[in-house]
Chemist: 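I have a structure here, written as structure tokens, and I will follow up with some questions on it.
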Amino acid sequence: MNMTATRRVFAGKGIIGKAGAMALMVLAFALSLTGCGKEDGAGDKGGGRKVVLNEVAHSIFYAPMYVAIEEGYFAEEGIELTLVTGFGADKTMTAVLTDEADIGFMGSESTVYTYAGGTEDYVVNFAQLTQRAGNFLVSREPIEDFSWDMLKGKDVLGGRAGGMPQMVFEYILDKNGIDPAQVNIDQSIDFGSTAAAFSGGNADFTVEFEPHATALEQKGDGYVVASLGEDSGYVPYTSFSAKKSYLEKNKDTVQAFTNALQKGMDYVKSHTPEEIAKVIAPQFPETDMETLTTIVARYYDQDTWKENLVFEKEAFDLLQNILDDAGVLKERVPYEELVTVEFAQEAAK
């Protein structure tokens with residue numbers, strides 16, 4: 001394993017705020033007009049290429065990326081990677097727009113919001129990593145034959161308005177003929193704090209990412225009864241993106257970056273959850289190997305990761321359908337403007 005060309009830092013200790021998606025759009029638009037942050041790069045210069053990557057969260061959900069780091073694939077491609085955890089799509093998008101980060105890794109809905117807000121140098125998706133939602137419905141009591149209509153009239157800890165976790169949750173409810181208004185969804189608790197609130201006695205159900213879902217089970221405080229990833233179908237949940245100007249000026253760097261990611265995807269396809277867990281373990285020192293393997297297997301079994309990084313038009317159309325259903329999209333945005341597949345297609349060859 002090789003992390004010599006990678007370092008990880010944290011961008012503050014904040015989390016996703018309670019503001020809705022349109023607030024993110026306004027913030028991003030305003031920031032794009034300020035011109036603050038470091039100056040635009042001068043393009044590819046050959047040799048070691050420094051790349052600052054801001055990830056929305058540090059999660060086992062993103063295993064192929066950490067495989068690429070730990071197996072030295074970025075170093076092989078001549079990339080000196082700095083990994084920053086932004087703790088929220090709003091913060092990751094802000095880092096990209098202000099040139100504090102070269103590449104952002106977040107839900108692609110954020111790129112839709114900034115484009116719709118009129119950002120001139122808008123952010124373009126160039127590689128899709130996950131194709132399933134990564135969260136799970138946790139019940140206070142075990143349920144052998146769960147069905148979504150069991151949520152009617154129940155109290156559920158949900159996510160922020162305009163965020164993918166909440167929108168996918170509502171999308172599933174709609175698919176099952178349930179009006180979200182028939183469910184008492186509490187969106188007042190910050191991301192990352194819902195599991196603790198649930199352990200404290202709040203609500204009948206909670207929607208949780210890992211490792212919180214497994215931790216609740218291990219403590220006997222909850223039971224995973226449904227996978228939002230399985231029940232929502234294939235959804236373009238997270239992708240890598242960069243400003244249009246960065247992609248134009250740094251094609252070789254972006255290609256090398258994408259090549260490294262594809263190697264991580266290839267590794268995950270050809271190895272077991274146990275092997276994947278061992279590789280990414282240094283990224284999650286606070287998680288014991290048994291728990292780490294359990295979580296990787298859960299994501300592995302639901303076909304979380306794509307075979308390649310190509311962000312297909314059908315997936316982007318589905319994303320916009322979900323945004324429409326959530327009422328946060330006034331008009332459709334063009335796939336050709338917000339997605340480029342040239343780097344992912346080349347990496348997949």
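Every heavy atom of this structure was used, including side-chain atoms; hydrogens, water molecules and symmetry mates were not. Residue numbers count from 1 along this sequence.
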Chemist: Checking side chain to side chain donor-acceptor pair (under 3.5 Å) for the pair N259/Q255: CA distance, chi angles, key distance, verdict?
Modeler: CA-CA 6 Å; N259 292 346; Q255 188 62 65; 2.9 Å; yes

Chemist: In Å, rounded to the nearest 0.5 Å, how long is the span from OG1 of T85 to NZ of K91?
Modeler: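 T85 atom OG1 to K91 atom NZ measures 13.0 Å (nearest 0.5 Å).
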
Chemist: Restricting to non-hydrogen atoms, name the atom on W305 and the atom on I60 that form the minimum distance, rounded to 0.1 Å.
Modeler: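 Nearest pair, atom of W305 first, then I60: CZ2-O, 4.1 Å.
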
Chemist: Can you name the ring pair (Phe, Tyr, Trp, His ring centres under 6.0 Å) partners of F136, sequence neighbours left out?
Modeler: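 Scan of F136 (ring pair (Phe, Tyr, Trp, His ring centres under 6.0 Å), adjacent residues dropped) gives Y299.
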
Chemist: Please determine if E217 and R298 form a salt bridge, counting it only when a charged side-chain N lies under 4.0 Å from a carboxylate O.
Modeler: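 Answer for the salt bridge query: yes.
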
Chemist: So, for L319 and E109, which heavy atoms are closest and what is the spacing to 0.1 Å?
Modeler: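 Looking at all heavy atoms of both residues, the shortest contact is CD2-N, 4.1 Å.
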
Chemist: Any chance the side chains of E208 and T194 put a donor and an acceptor closer than 3.5 Å?
Modeler: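 Their side chains do contain a donor-acceptor pair, which is all the 3.5 Å distance test asks for.
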
Chemist: Does F198 offer a backbone N or O that forms a donor-acceptor pair with the side chain of N202 under 3.5 Å?
Modeler: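 No.
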
Chemist: What's the shortest heavy-atom distance between G134 and F209, and which atoms?
Modeler: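 Between these two residues, the closest heavy atoms are O-CD2, 3.3 Å.
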
Chemist: Do L137 and Y223 share a hydrophobic cluster (ILVMFWY, side-chain heavy atoms under 4.5 Å, transitive)?
Modeler: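 No; tracing contacts between hydrophobic side chains, which count when under 4.5 Å, never links both residues.
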
Chemist: Give me the atom names and distance for the closest heavy-atom approach of V279 to E70.
Modeler: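 Smallest interatomic distance, heavy atoms only, reads O-CG, 3.3 Å.
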
Chemist: Sort and list the pairs that fulfil ring pair (Phe, Tyr, Trp, His ring centres under 6.0 Å) and have at least one residue in residues 260-279, not counting sequence neighbours.
Modeler: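 Passing the test, one end in residues 260-279: Y267-H271.
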
Chemist: Is there a donor-acceptor contact under 3.5 Å from the side chain of T293 to the main chain of M289?
Modeler: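 Indeed, once roles are kept as given, a pair shorter than 3.5 Å links the two residues.
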
Chemist: With no hydrogens and no angle check, is any side-chain donor or acceptor of N176 less than 3.5 Å from a backbone partner on I178?
Modeler: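 Not at all, since once roles are kept as given, no pair shorter than 3.5 Å links the two residues.
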
Chemist: Counting only heavy atoms not in E286, do more than 12 fall under 6.0 Å of its CD?
Modeler: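 Yes, because the 6.0 Å sphere around CD of E286 holds more than 12 heavy atoms from other groups.
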
Chemist: Just by modelled atom types, is the T94 backbone N or O under 3.5 Å from a matching donor or acceptor in the T98 side chain?
Modeler: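 Present.
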
Chemist: Do side-chain atoms of E55 reach the backbone of G104 as a donor and acceptor pair under 3.5 angstrom?
Modeler: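 No.
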
Chemist: Run the salt-bridge test on K244 and E120 with the 4.0 Å N-O cut-off and return the result as yes or no.
Modeler: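 Judged by the 4.0 Å cut-off on N to carboxylate O distance, K244 and E120 do not form a salt bridge.
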
Chemist: Please collect all salt bridge (Lys or Arg N to Asp or Glu O under 4.0 Å) contacts where either partner lies in residues 141-153, sequence neighbours excluded, each pair once.
Modeler: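 Output for this query is empty, none listed.
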
Chemist: Among all residues two or more places apart in sequence or in another chain, which pass the side-chain hydrogen bond (donor to acceptor under 3.5 Å, both in side chains) test with D155?
Modeler: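 For D155 the side-chain hydrogen bond (donor to acceptor under 3.5 Å, both in side chains) partners, ignoring immediate neighbours, are N184.
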
Chemist: Go through the steps for K251 and E342 under the test salt bridge (Lys or Arg N to Asp or Glu O under 4.0 Å), then give the verdict.
Modeler: CA-CA 10 Å; K251 287 184 177 294; E342 62 173 302; 3.4 Å; yes

Chemist: Nearest 0.5 Å, what's the OG-NZ distance between S199 and K219?
Modeler: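 Rounded to the nearest 0.5 Å, the OG-NZ separation comes to 3.5 Å.
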
Chemist: Would you say the side-chain atoms of N135 pair up with the backbone N or O of V207, donor to acceptor, closer than 3.5 Å?
Modeler: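 No: the side chain of N135 does not pair with the backbone of V207.
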
Chemist: Would you give the length of the straight line joining atom CG of N321 to atom CG of D174, rounded to the nearest 0.5 angstrom?
Modeler: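 Here the rounded value is 11.5 Å.
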
Chemist: By side-chain hydrogen bond (donor to acceptor under 3.5 Å, both in side chains), which residues pair with D186, not counting sequence neighbours?
Modeler: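 Testing D186 for side-chain hydrogen bond (donor to acceptor under 3.5 Å, both in side chains), a comparison that skips the adjacent residues, returns S188.
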
Chemist: When rounded to the nearest 0.5 angstrom, what is the spacing between CG in L83 and CG in N54?
Modeler: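 The CG atom of L83 sits 8.5 Å away from the CG atom of N54.
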
Chemist: May I ask you to decide if F87's main-chain N or O and H58's side chain share a donor-acceptor pair within less than 3.5 Å?
Modeler: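 No, H58 side chain to F87 backbone: no donor-acceptor pair under 3.5 Å.
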
Chemist: According to the salt bridge (Lys or Arg N to Asp or Glu O under 4.0 Å) rule, which pairs have a member within residues 255-266, sequence neighbours left out?
Modeler: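 Every salt bridge (Lys or Arg N to Asp or Glu O under 4.0 Å) pair that includes a residue of residues 255-266, provided the two are not neighbours, is E76-K263, E77-K263, D266-K269.
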
Chemist: Checking R132 against Y234: charged group under 6.0 Å from the ring centre and within 45 degrees of the axis?
Modeler: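 That pair qualifies as a cation-pi contact.
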
Chemist: Could you tell me which residues satisfy side-chain hydrogen bond (donor to acceptor under 3.5 Å, both in side chains) with E248, sequence neighbours excluded, listed by chain and number?
Modeler: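 In terms of side-chain hydrogen bond (donor to acceptor under 3.5 Å, both in side chains), with neighbours along the sequence ignored, E248 is linked to no residue.
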
Chemist: If we ignore hydrogens and angles and just use 3.5 Å, is the side chain of D179 paired with the main-chain N or O of Q182 as donor and acceptor?
Modeler: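 Absent.
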
Chemist: According to a hydrophobic-cluster definition based on side-chain heavy atoms being under 4.5 Å apart (Ile, Leu, Val, Met, Phe, Trp, Tyr only), do Y113 and L318 belong together?
Modeler: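 Yes, one cluster joins them.
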
Chemist: List the residues meeting side-chain hydrogen bond (donor to acceptor under 3.5 Å, both in side chains) with E275, not counting sequence neighbours, and say none if there are none.
Modeler: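 side-chain hydrogen bond (donor to acceptor under 3.5 Å, both in side chains) check on E275 returns T272.
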
Chemist: Around E307, counting heavy atoms of other residues, nucleotides and ligands shown, do more than 12 lie under 6.0 Å from its CD?
Modeler: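 Incorrect, the count does not exceed 12.
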
Chemist: Looking at K50 and D102, is any side-chain nitrogen of the basic one under 4.0 Å from a carboxylate oxygen of the acidic one?
Modeler: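 Looking at D102 and K50, the cut-off is not met.
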
Chemist: For D303, is there any backbone N or O sitting under 3.5 Å from a side-chain donor or acceptor partner on Q131?
Modeler: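 Confirmed, Q131 side chain pairs with D303 backbone.
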
Chemist: Under the rule for ring pair (Phe, Tyr, Trp, His ring centres under 6.0 Å), what residues qualify as partners of F240, not counting sequence neighbours?
Modeler: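 Listed in chain order: F105, F257.
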
Chemist: Tell me if the aromatic rings of F61 and Y237 count as close, with their centers under 6.0 Å from one another.
Modeler: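 Between Y237 and F61, which both carry aromatic rings, the centre distance is below 6.0 Å.
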
Chemist: To the nearest 0.5 Å, what is the distance between CG (L173) and CG (L151)?
Modeler: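 It comes to 6.5 Å.
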
Chemist: Step by step, work out the side chain to side chain donor-acceptor pair (under 3.5 Å) result for E210 and S59.
Modeler: CA-CA 7 Å; E210 294 289 12; S59 171; over 6 Å; no

Chemist: Return yes when atom NZ of K154 has more than 12 non-hydrogen atoms of other residues, nucleotides or ligands closer than 6.0 Å, and no otherwise.
Modeler: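 Not more than 12 within 6.0 Å, no.
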
Chemist: Can you list the steps and then say if L309 with Q128 is a side-chain contact (heavy atoms from CB on, under 4.5 Å)?
Modeler: CA-CA 5 Å; L309 297 154; Q128 180 190 336; 5.8 Å; no

Chemist: Just jot down the ring pair (Phe, Tyr, Trp, His ring centres under 6.0 Å) partners of F146, sequence neighbours excluded, or say none.
Modeler: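 With sequence neighbours excluded, F146 shows a ring pair (Phe, Tyr, Trp, His ring centres under 6.0 Å) to W148, given in chain and number order.
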
Chemist: Indicate the atoms forming the closest heavy-atom contact of A133 with S232, along with that distance.
Modeler: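 Smallest interatomic distance, heavy atoms only, reads CB-OG, 4.2 Å.
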
Chemist: Kindly give the heavy-atom pair with the smallest separation between L97 and T114, and that separation in Å.
Modeler: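 In terms of heavy atoms, the two residues are closest at CD1-CG2, 4.2 Å.
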
Chemist: If two hydrophobic side chains count as joined below 4.5 Å and joins carry through other members, does M150 share a cluster with V225?
Modeler: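 Yes.
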
Chemist: Test of understanding: with salt bridge (Lys or Arg N to Asp or Glu O under 4.0 Å), list the residues that count as partners of K175, not counting sequence neighbours.
Modeler: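 Here no residue qualifies.
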
Chemist: Under a plain distance cut-off of 3.5 Å, with no hydrogens placed, do T130 and T304 share a side-chain donor-acceptor pair?
Modeler: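 Result is no, nothing qualifies.
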
Chemist: Give the C-alpha distance, both sets of side-chain angles, the deciding distance and a yes or no for side chain to side chain donor-acceptor pair (under 3.5 Å) between E346 and T258.
Modeler: CA-CA 9 Å; E346 178 63 28; T258 310; over 6 Å; no

Chemist: Would you mind listing every ring pair (Phe, Tyr, Trp, His ring centres under 6.0 Å) that reaches into residues 329-349, with sequence neighbours excluded?
Modeler: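 Listed once each, the pairs are F316-Y335.
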
Chemist: Given Y66 and F284, is the ring-ring contact (aromatic ring centres under 6.0 Å, His included) satisfied, shown in steps?
Modeler: CA-CA 10 Å; Y66 305 127; F284 303 95; 5.4 Å; yes

Chemist: First locate atom CZ of F311, then atom OG of S239, and finally report the distance between them rounded to the nearest 0.5 Å.
Modeler: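 Interatomic distance, F311 CZ to S239 OG, rounded to 0.5 Å: 5.0 Å.
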
Chemist: Keeping the roles fixed (side chain from S227, backbone from E230), state whether a donor-acceptor pair exists under 3.5 Å.
Modeler: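 Judged by distance alone, yes, a pair lies under 3.5 Å.
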
